[in-house]
Amino acid sequence: MNKYFTTKTITTLAVITALNLALSYVVRIPTPGGYVNLVEAGIFLVALLGSARSGMIVGGLSGLLLDLLAGYAAWAPFSLVIHGLEGYLAGLIGTKKSVMSQTIAVIVASFVMVVGYFFATAFLSHSWATGFASIIGNIAQCAFGLIIALVVRPALSKRLALN
């Protein structure tokens, strides 16, 4: 593995970030905890197919840009860190290609996202109750991301080379 990304990998990550942003901004899935988007599915796919670095880049940029485009600039720094760490951990732990290994990696990364947004919500709203209220929606978003990533990953694994 090279020390740095190749031009092809950088371009691929940029296109995936743009696609992840577009899908997350447009597609909203209704759940009892509110609407969820597909940002986690894109982050998990890149992390499981690529590396921890590629998961961190796509995760951080997708979260940051999604919040900026939606008009939630106060959330952008939190999303950059939370989604970046989520992608990094999913890629770091999910290095083995077994479904069980990757499921555990995504669950650990999802836990970091849920806890991160709990504290971010509590901080921005000045209320622990609001932080607790955000947990159900974030768990639903991670669950959708896990299912979509594990279903789509085998089809993309031979076509998408990220490192």
Side-chain angles (χ1 to χ4, degrees), residues 12-94 102-125 127 129-157 159-160 162:
T12 305
L13 290 176
V15 169
I16 291 171
T17 300
L19 181 62
N20 194 26
L21 183 64
L23 285 174
S24 299
Y25 195 67
V26 173
V27 178
R28 303 231 182 249
I29 302 166
T31 65
Y35 287 95
V36 298
N37 60 40
L38 300 177
V39 72
E40 261 64 46
I43 294 169
F44 295 151
L45 272 172
V46 169
L48 297 178
L49 291 173
S51 64
R53 289 185 303 171
S54 58
M56 178 180 65
I57 290 168
V58 170
L61 287 177
S62 294
L64 174 82
L65 294 172
L66 186 62
D67 285 341
L68 289 176
L69 283 175
Y72 300 113
W75 286 92
F78 294 104
S79 293
L80 173 71
V81 173
I82 292 167
H83 285 298
L85 185 58
E86 177 185 29
Y88 184 80
L89 286 175
L92 185 68
I93 300 169
Q102 293 184 345
T103 303
I104 291 170
V106 168
I107 290 172
V108 169
S110 296
F111 177 76
V112 168
M113 185 276 242
V114 170
V115 170
Y117 273 113
F118 163 76
F119 284 113
T121 303
F123 175 75
L124 288 175
S125 67
S127 168
T130 309
F132 282 114
S134 72
I135 290 175
I136 303 236
N138 287 330
I139 289 174
Q141 186 159 312
C142 288
F144 274 99
L146 167 69
I147 293 166
I148 292 169
L150 291 179
V151 168
V152 174
R153 185 195 56 79
L156 291 178
S157 65
R159 292 178 179 85
L160 190 63
L162 297 171

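Note: hydrogens, waters and symmetry copies are ignored here, and every other heavy atom, side chains too, is used.
- Contact annotation: the side chain of I82 approaches that of Y117 to within less than 4.5 Å [non-hydrogen atoms, C-beta and beyond].
- Closest of all the heavy-atom pairs between A47 and A90 is CB-CB, 3.7 Å.
- Minimum heavy-atom separation, V36 to G137: CG1-O, 3.6 Å.
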Report the C-alpha separation of W75 and L124 in whole Å, then their side-chain angles, then the decisive distance to 0.1 Å, and conclude whether the side-chain contact (heavy atoms from CB on, under 4.5 Å) test is met.
CA-CA 8 Å; W75 286 92; L124 288 175; 3.5 Å; yes
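- The side chain to side chain donor-acceptor pair (under 3.5 Å) search around T130 returns S127, not counting sequence neighbours.
- Remark: M56 CE to Y88 OH distance equals 7.0 Å, nearest 0.5 Å.
- When all heavy atoms of P77 and A74 are compared, the closest pair comes out as CD-O, 3.6 Å.
- Residues that satisfy the side-chain contact (heavy atoms from CB on, under 4.5 Å) test with V81, not counting sequence neighbours, are absent from this structure.
- Partners of F118 under the ring-ring contact (aromatic ring centres under 6.0 Å, His included) rule, at least two apart in sequence or in another chain, are W128, F132.
- Atom CZ of F119 is separated from atom CZ of F78 by 12.0 Å, given to the nearest 0.5 angstrom.
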Can you give the donor-acceptor pairs under 3.5 Å from side chains of residues 59-71 to other protein atoms, not counting sequence neighbours?
{"from": "S62", "atom 1": "OG", "to": "N20", "atom 2": "ND2", "distance (Å)": "3.0"}
{"from": "S62", "atom 1": "OG", "to": "V58", "atom 2": "O", "distance (Å)": "2.7"}
{"from": "D67", "atom 1": "OD2", "to": "S79", "atom 2": "OG", "distance (Å)": "2.3"}

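- Scanning both residues, T121 and S134, for their nearest heavy atoms gives OG1-OG, 3.8 Å.
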Test side-chain contact (heavy atoms from CB on, under 4.5 Å) applied to I135 and V115, step by step:
CA-CA 8 Å; I135 290 175; V115 170; over 6 Å; no
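- Applying the side-chain hydrogen bond (donor to acceptor under 3.5 Å, both in side chains) test to every pair with at least one member in residues 37-47, sequence neighbours left out, gives these pairs: N37-Q141, E40-H83, E40-Q141.
- Interatomic distance, Q102 CD to F44 CZ, rounded to the nearest 0.5 Å: 12.0 Å.
- Remark: S54 OG to L45 CG distance equals 11.0 Å, nearest 0.5 Å.
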What's the verdict on side-chain contact (heavy atoms from CB on, under 4.5 Å) for L48 and V106, showing C-alpha distance, side-chain angles and the deciding distance?
CA-CA 9 Å; L48 297 178; V106 168; 3.9 Å; yes
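- Considering only residues two or more places apart in sequence or on other chains, T103 meets the side chain to side chain donor-acceptor pair (under 3.5 Å) condition with none of them.
- Put simply, the side chain of S24 gets close to the backbone of V39: a donor and an acceptor are under 3.5 Å apart.
- With rounding to the nearest 0.5 Å, the separation of CD in E86 from CD1 in I43 is 4.5 Å.
- The structure places OG1 of T12 at 11.5 Å from CG of L49, a figure rounded to the nearest 0.5 Å.
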